[in-house]
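These numbers were taken from a predicted model, which means no experiment stands behind them. The first residue in the sequence is number 1, and the count goes up from there.
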Amino acid sequence: MSTLWQNLQYKVLRSGSKLNLLIGINVIVFLLINIADTLGKFFFKTGIIEYYSTEYLLLPSNLSKLLTHFWTPITYMFMHAGIFHILFNMLWLYWFGQIFEEYLGKKRTLGLYIMGGLAGAFLFVLCYNTVPLFANESAPLVGASASVMAIIIGTATLLPNYTISLILIGPVKLKWIALFIIIIDFFGIVGPNAGGEIAHLGGVLMGFVYIKQVQKGSDWIAGIANLFKAKSKLKVVSKNSSGKSGGKPRQEEIDLILDKISQSGYDSLNKQEKEILFRASNNEG
């Protein structure tokens, strides 16, 4: 038992992977709320835990209520409506998050997760308060789907020709998986889960725009993180333009390597290119 706990502790806290941390938080929150709710209903015939979690942790579409529940744009993205809801969200997050962290480092996952969730929340609230279809309607938003969509689309935008094998289908490129998901979400914005599908599209937009900005040399997540770092009084400047001897690789070098990966796969890189990519993820991540 102690070995199992040590393994979990390493994966969630010590491995440096924000992917494991995010999955751990989602699972723990889900278990705590649902175990307490189940016990409450079983012994006391009351769903008070469900009521309070819905009332105070889910994102409301009503603007006046949102003003008094201003924390919900964050809390909603760690909540789930049921076992299958969290299961599929965490599976998608795990599959695509591993690829995302492999090529962009482990420190961007949390930032894109939060930004994707906030983008989904913004689009959800905007549509419910401006689109005639939702006039006089009020609904809560729950789930990590917008955040997960940002990771999925971000990964597919970065590596559109990266191929994975799907059960019963076989090898499929990430760009086709992303396109299929976007089409499904688009048609769903007039369906029974319209609010959720709208939030998904908010995450889609954030994931796409973020990676496009990274490819242009503008990393929002790294920029935000740097605001909270104390600036050192001494700065070492490397004039090495070739990316060797531990210097920070140039953005042009990184872009060329990423293009090569998208066309031929990671295995096509030589030792020097892999070293540059690894150093870039450490320096910028």
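- Note that the CZ atom of Phe208 and the CG atom of Leu158 stand 12.0 Å from one another [nearest 0.5 Å].
- The pair Glu50-Lys41 counts as a salt bridge, with a side-chain nitrogen and a carboxylate oxygen less than 4.0 angstrom apart.
- Ile177 places a side-chain heavy atom less than 4.5 Å from the side chain of Trp92.
- In the hydrophobic clustering of ILVMFWY residues, with side-chain heavy atoms under 4.5 Å counting as a link, Leu32 and Ile48 come out apart.
- Summarising the geometry, atom OG1 belonging to Thr109 is positioned 10.5 Å from atom CD belonging to Gln98; distances are rounded to the nearest 0.5 Å.
- For the pair Ile211 and Gly154, the tightest heavy-atom approach, listed with the atom from each and the gap, is CG1-O, 3.2 Å.
- A heavy-atom distance below 4.5 Å is not found between the side chains of Leu59 and Val142.
- Residues Thr68 and Ser64 have side chains not in contact (no heavy-atom distance under 4.5 Å, counting atoms from C-beta outward).
- Under a hydrophobic clustering in which Ile, Leu, Val, Met, Phe, Trp and Tyr are joined whenever their side-chain heavy atoms come within less than 4.5 Å, directly or via other members, Leu67 and Leu118 fall into different clusters.
- When side chains are defined from C-beta on, Lys173 does not count as touching Pro160, because their heavy atoms never get closer than 4.5 Å.
- No side-chain heavy atom of Val148 sits under 4.5 Å from any side-chain heavy atom of His200.
- In summary, the aromatic rings of Phe100 and Phe96 are positioned with their centroids too far apart to meet the 6.0 Å limit.
- Nearest heavy atom pair, residue Thr157 against residue Gln215, reads O-NE2, 3.9 Å.
- Summarising the geometry, atom NE2 belonging to His80 is positioned 11.0 Å from atom CD1 belonging to Ile33; distances are rounded to the nearest 0.5 Å.
- The closest side-chain donor-acceptor pair between Asn62 and Ser138, if any, does not fall under 3.5 angstrom.
- The hydrophobic cluster containing Ile23 does not contain Ile28, counting ILVMFWY residues as joined when their side-chain heavy atoms lie under 4.5 angstrom apart, directly or transitively.
- Phe88 and Phe180 fall into different hydrophobic clusters, where Ile, Leu, Val, Met, Phe, Trp and Tyr side chains are chained together by heavy-atom contacts under 4.5 Å.
- Using a 4.5 Å heavy-atom cutoff, the side chains of Ile198 and Phe134 are in contact.
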Before you tell me yes or no, could you show the steps for Met206 and Trp220 under side-chain contact (heavy atoms from CB on, under 4.5 Å), namely the whole-Å CA-CA distance, both residues' side-chain angles and the distance that decides it to 0.1 Å? CA-CA 11 Å; Met206 177 55 69; Trp220 298 340; 3.9 Å; yes
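- Here the closest non-hydrogen pair linking Asn26 and Ile86 is O-CD1, 3.5 Å.
- Listed here is the closest heavy atom pair of Ala194 and Ile189: CB-O, 3.2 Å.
- Side chain of Ser147 to main chain of Tyr113: a donor-acceptor pair is present (N/O by atom type, distance under 3.5 Å, no hydrogens or angles).
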Determine, step by step, whether Tyr210 and Leu112 satisfy the side-chain contact (heavy atoms from CB on, under 4.5 Å) criterion, reporting the C-alpha distance in whole Å, the side-chain angles of both residues, the deciding distance to 0.1 Å, and the verdict. CA-CA 8 Å; Tyr210 170 69; Leu112 185 54; 4.0 Å; yes
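- A 4.5 Å side-chain heavy-atom check between Asp185 and Met149 finds at least one atom pair inside the cut-off.
- Checked by atom type and distance alone, the side chain of Thr130 pairs as donor or acceptor with a backbone atom of Leu126 at under 3.5 Å.
- Between the CG atom of Leu141 and the OG1 atom of Thr72 there is a distance of 9.5 Å, given to the nearest 0.5 Å.
- Neither side chain, Asn20 nor Tyr94, offers a donor N or O lying under 3.5 Å from an acceptor on the other.
- Between Gly97 and Leu19, the closest heavy-atom pair is C-CD2, 3.7 Å.
- Note that CD1 of Ile151 and CZ of Arg108 are 12.0 Å apart. Values are rounded to the nearest 0.5 Å.
- Residue Ile99 comes nearest to Thr155 through the heavy atom pair CG2-CG2, 3.6 Å, listed as atom of the first residue, atom of the second, then distance.
- Distance OH/Tyr103 to CG/Leu159: 6.0 Å, rounded to 0.5 Å.
- Looking at heavy atoms from C-beta onward, Leu179 lies out of side-chain contact with Lys175 at the 4.5 angstrom threshold.
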Could you walk me through whether His85 and Ser145 pass the side-chain contact (heavy atoms from CB on, under 4.5 Å) check? CA-CA 9 Å; His85 192 197; Ser145 300; 3.7 Å; yes
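- At distances below 3.5 Å, at least one donor-acceptor pair connects side-chain atoms of Trp71 with backbone N or O atoms of Tyr56.
- Between the side chain of Ser61 and the backbone N or O of Val125, no donor-acceptor pair lies under 3.5 Å.
- Under the 4.5 Å side-chain heavy-atom criterion for grouping Ile, Leu, Val, Met, Phe, Trp and Tyr, Ile184 is not connected to Val190 through any hydrophobic cluster.
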